[in-house]
Amino acid sequence: MPNDHDHPPAKKFKPGSVFFRYDKNKPGMLLPRKGNATTPIEVQRKQLPIYQAKPQLLNQLRQLHNAILIGETGSGKTTQIPQYLYEAGIGRQGLIAITQPRRVAAISLAGRVAEEKRTQLGKLI
Ligand SMILES: Nc1ncnc2c1ncn2[C@@H]1O[C@H](COP(=O)(O)OP(=O)(O)OP(=O)(O)O)[C@@H](O)[C@H]1O
């Protein structure tokens with residue numbers, strides 16, 4: 001079974017990924033994208049493509065037991081849908097679980113969502 005060092009997260013090496021930028025000092029290396037410090041996080045959330053579909057999505061998800069959502073990379077599926085569900089009170093009795101293919105990706109995602117919810121990582125998230 002390969003470890004994280006053998007196969008870094010797919011997201012890290014997806015060309016054109018919104019998450020990563022090239023390291024000019026180390027050819028071939030990709031770095032996490034710099035945060036957009038000038039735009040408030042609430043505004044960043046509303047700028048994501050998925051935000052436009054939020055009411056329709058929640059409406060549909062309330063009526064379904066299972067759903068498969070397909071959307072562009074970086075559109076907000078992973079970071080936003082769990083928050084939409086939580087904010088709408090869906091799944092609050094249990095746990096909203098999110099999977100990622102790699103540990104690094106899972107930690108990065110959790111950190112981002114905690115930042116967006118303005119909570120310390122390890123509590124609500
Ligand atoms: N760790 C992070 N640090 C900073 N911004 C992030 C981070 N993770 C996500 N974002 C921001 O949130 C946006 C939505 O990311 P999200 O992972 O929800 O997209 P996605 O649709 O699930 O993408 P993918 O299909 O590649 O998993 C990104 O475009 C990026 O701007």
Side-chain angles (χ1 to χ4, degrees):
M1 183 74 179
N3 61 36
D4 279 353
H5 298 292
D6 298 331
H7 296 279
K11 272 187 177 174
K12 256 192 165 170
F13 292 86
K14 210 182 274 178
S17 166
V18 293
F19 298 103
F20 293 89
R21 62 194 158 87
Y22 288 101
D23 184 345
K24 287 180 192 153
N25 301 320
K26 292 181 190 163
M29 286 293 287
L30 296 171
L31 298 170
R33 192 183 188 188
K34 283 180 185 165
N36 189 350
T38 53
T39 309
I41 216 149
E42 298 80 15
V43 177
Q44 290 179 39
R45 287 188 66 194
K46 289 180 179 171
Q47 286 173 341
L48 292 172
I50 205 160
Y51 181 72
Q52 293 167 31
K54 182 179 174 182
Q56 198 185 345
L57 265 172
L58 285 172
N59 208 14
Q60 291 279 309
L61 291 172
R62 280 185 203 283
Q63 298 169 46
L64 299 168
H65 286 291
N66 301 290
I68 295 174
L69 178 70
I70 300 169
E72 281 184 30
T73 288
S75 58
K77 301 178 299 293
T78 319
T79 55
Q80 302 308 303
I81 290 192
Q83 293 188 75
Y84 292 171
L85 294 174
Y86 181 77
E87 287 158 9
I90 302 170
R92 280 206 189 192
Q93 299 86 348
L95 191 72
I96 299 172
I98 308 144
T99 61
Q100 287 286 291
R102 302 279 170 207
R103 190 181 306 172
V104 177
I107 293 168
S108 169
L109 168 66
R112 174 64 183 181
V113 176
E115 188 187 352
E116 290 188 6
K117 292 240 68 72
R118 300 192 190 288
T119 182
Q120 195 186 335
L121 187 58
K123 296 193 171 177
L124 177 65
I125 295 141

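Read the numbers this way: they start at 1 and go in the same order the structure lists the ligands and their atoms.
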Within the structure, does [X] bring an N/O atom to less than 3.5 angstrom of an N/O atom in ligand 1?
X   : result
G74 : yes
G76 : yes
S75 : yes

(request) Report yes if some heavy atom in the side chain of L121 is under 4.5 Å from a heavy atom in the side chain of E115; otherwise report no. (result) no
(request) Please examine the side chains of I41 and R112, heavy atoms only from C-beta on, and report whether any two atoms are closer than 4.5 Å. (result) yes
(request) Give a yes/no on ligand 1: does E72 have at least one heavy atom closer than 4.0 angstrom to it? (result) yes
(message) Here's a test for you: under side-chain contact (heavy atoms from CB on, under 4.5 Å), which of Q80, K46, E87 qualifies with K54?
(response) E87
(message) Give the atom numbers and elements of ligand 1 that come within less than 4.0 Å of a heavy atom of T78.
(response) 17 (O), 18 (O), 20 (P), 22 (O), 27 (O)
(message) Tell me if the CD atom of E42 is crowded by more than 12 foreign heavy atoms within 6.0 Å.
(response) yes
(message) Which option wins on minimum heavy-atom distance to atom 25 (O) of ligand 1: E116, K77, Q100?
(response) K77
(message) I need the contact type for I50 against ligand 1. Using non-hydrogen atoms and a strict under-4.0 Å cut-off, is it side chain, backbone, both or neither?
(response) neither
(request) Please go through V43's hydrophobic cluster and name the other residues, only I, L, V, M, F, W, Y counting, with side-chain heavy atoms under 4.5 Å joining them. (result) none
